Student: 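Let me begin by handing over the structure; questions about it come next.
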Amino acid sequence: MDILETAIIISCLPILGVGLLGSRILRPLALLLLILPAALVAIHSLVGGLRSSMIPVYLVTAFLGLLGLIGAFSQNASMPPSFMKLGTLCILCLLAMGVFLAWWYPIFELPRPPGSYPIGSRIFELDRVGQEKQLMRALTVQIWYPATKDAEGKRMPYLSSGESWGFGFFSSFRMARTHAYTNARISKVMKKWPVIIYSPPWEGGTFQNTMLFESLASEGFIVVAVELPVTSATLPPLDFGTEESIRQFQIAAHHELEARTSDVLRVFSALRGLNAGTLDSGMFKSRLNLQEVGVMGYSFGGAVSAEALTREPRLRAGVNFDGALFGNAAQQGAKQPFLFVTDTDPTPSNRDLHSSDPAMRRNAEFYWQSLKQMNDWLDTHGGWLIQIQGAHHTTYCDISLYAYRGKFNEAKRKKATNILEKINSCTLAFFDQTLRGNSPPLMQKNFFPWPDVEIRKFNPRQVNTP
């Protein structure tokens, strides 16, 4: 519980003495004690936010506030002693339940970043007018970067302003904070920092990979995360039930791939303005290494990162976290170094590919084709493939952390955290090698420390010329 939540519970306790020691509630002190908890809840809803675990406590404060209003307009109000004692017992039970639930389902916290740099974060919107003066869709980016050692102040919320993603008004995620200090000064330990552009999944927000952003920023990378525009808020799911549902998904995927790849390339172009000091108040002037820019994405964002490499040769490297390929990337791949991160699930069987169940058959065909396209890329252009035992699609983002909230899920949460830490370490090592030119041992198979993670390096296909 945070300070205000603790204060709300404590403010409810003195009125219990009034209920136990006397039946009259119309005393000046009692009136204050009745209204104070509700006032604190109102303040907390504005400052931090309400959460479902505290609903029993909110009910108590609403009841006490109602009694306070009755006392304010009725100077002779009184209640039978038996009623007061029963009410006091109910209040005690609700308060105890609220305290227990708040402890059992704590406010979501991210694991501490592994690197030595403090982290800063900043949100800004790109100019909607492009270089050719045409109107472009609104595009918001959030930058994560290594900050100065004396970084302090407010920590960036886990969810950006207006972001809900289905959590609701009473979600504790509205109260969650990252380890990044809002608008902190960028570190000058290095003259310029390598940059990684991130593309979000099919539906969801960039916040879903905050642990990854913090990990990279703490190790000396600047991450520019592209927020999912509101125009992409309602997208058809990947549904194998009918041919029509697949067709609708393919149409939407083609449109989104074009739009989001353009977004990534637009952000890439904007890096020059950031580095020149003409964008975002000059905060990042001369701090970006534009010769060391990579791209990465989770799920569909991985497909976008791959597609961006095929269209912009100045992008140095890319990572795809468990995403299928589409567009040019699916047909021909890209020549830049690329890392695929996925699970160890077997390829679809021949039985699945010829199943009498149309949905199962379409599902198998889709994933078989995705694996073939990935393998064709690696065989042709080379790259890295990292496969993690026990991983599944939500393992590659923060969902795997808050899916196992609650004291009874500590073992599962630790396992999910461990997998994410391995993914982040591999990503760091990959960009350390491809952008900075280092040779981290983690990218060498003989030095790989985890038995449940397999890394394979593919060399480009040698083409014989006459």
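The figures here come from the full heavy-atom set of this structure, side chains too, leaving out hydrogens, waters and symmetry mates. All figures in this text were calculated on a predicted structure; none of them were measured in a lab. Here, residue 1 is the first one in the sequence, and each next residue gets the next number.
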Student: Between the side chain of S305 and the main-chain N/O of V319, is any donor-acceptor distance below 3.5 Å?
Tutor: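 Looks like yes, one N/O pair under 3.5 Å.
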Student: Are the charged groups of R51 and E5 less than 4.0 angstrom apart, N to O?
Tutor: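 Between E5 and R51 there is a salt bridge, with a charged N closer than 4.0 Å to a carboxylate O.
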Student: Does a salt bridge link E258 with R311, judged by any charged N lying under 4.0 Å from a carboxylate O?
Tutor: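 A salt bridge links E258 with R311.
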Student: Using the test side chain to side chain donor-acceptor pair (under 3.5 Å), find all partners of S370 that sit at least two apart in sequence or belong to another chain.
Tutor: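 S370 satisfies side chain to side chain donor-acceptor pair (under 3.5 Å) with no residue once adjacent residues are dropped.
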Student: So, applying side chain to side chain donor-acceptor pair (under 3.5 Å) with K422, which one of T395, T427, T417, D452 is it?
Tutor: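 Answer to the side chain to side chain donor-acceptor pair (under 3.5 Å) test with K422 among T395, T427, T417, D452: D452.
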Student: Of the non-hydrogen atoms in A334 and L309, which two are nearest, and what is the gap between them?
Tutor: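 Shortest heavy-atom separation between A334 and L309 comes out as CB-CB, 3.8 Å.
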Student: Test side chain to side chain donor-acceptor pair (under 3.5 Å) on N320 and Y298 and set out the steps.
Tutor: CA-CA 6 Å; N320 181 342; Y298 162 54; over 6 Å; no
Student: Is the backbone N or O of L139 less than 3.5 Å from a side-chain atom of R266, with the two atoms forming a donor-acceptor pair by type?
Tutor: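 Not at all, since once roles are kept as given, no pair shorter than 3.5 Å links the two residues.
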Student: Can we say R122 and D280 salt-bridge, meaning some charged N sits less than 4.0 Å from an Asp/Glu carboxylate O?
Tutor: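 Here R122 pairs with D280 in a salt bridge, since their nearest N and O are under 4.0 Å apart.
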Student: Between the side chain of W144 and the main-chain N/O of F221, is any donor-acceptor distance below 3.5 Å?
Tutor: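 Such a contact is absent between W144 side chain and F221 backbone.
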Student: Taking only residues at least two apart or on different chains, which pairs with a member in residues 302-334 satisfy ring-ring contact (aromatic ring centres under 6.0 Å, His included)?
Tutor: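 Listed once each, the pairs are F300-F326.
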Student: Is it true that a side-chain atom of W384 and a backbone atom of L378 form a donor plus acceptor pair closer than 3.5 Å?
Tutor: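 Judged by distance alone, no pair lies under 3.5 Å.
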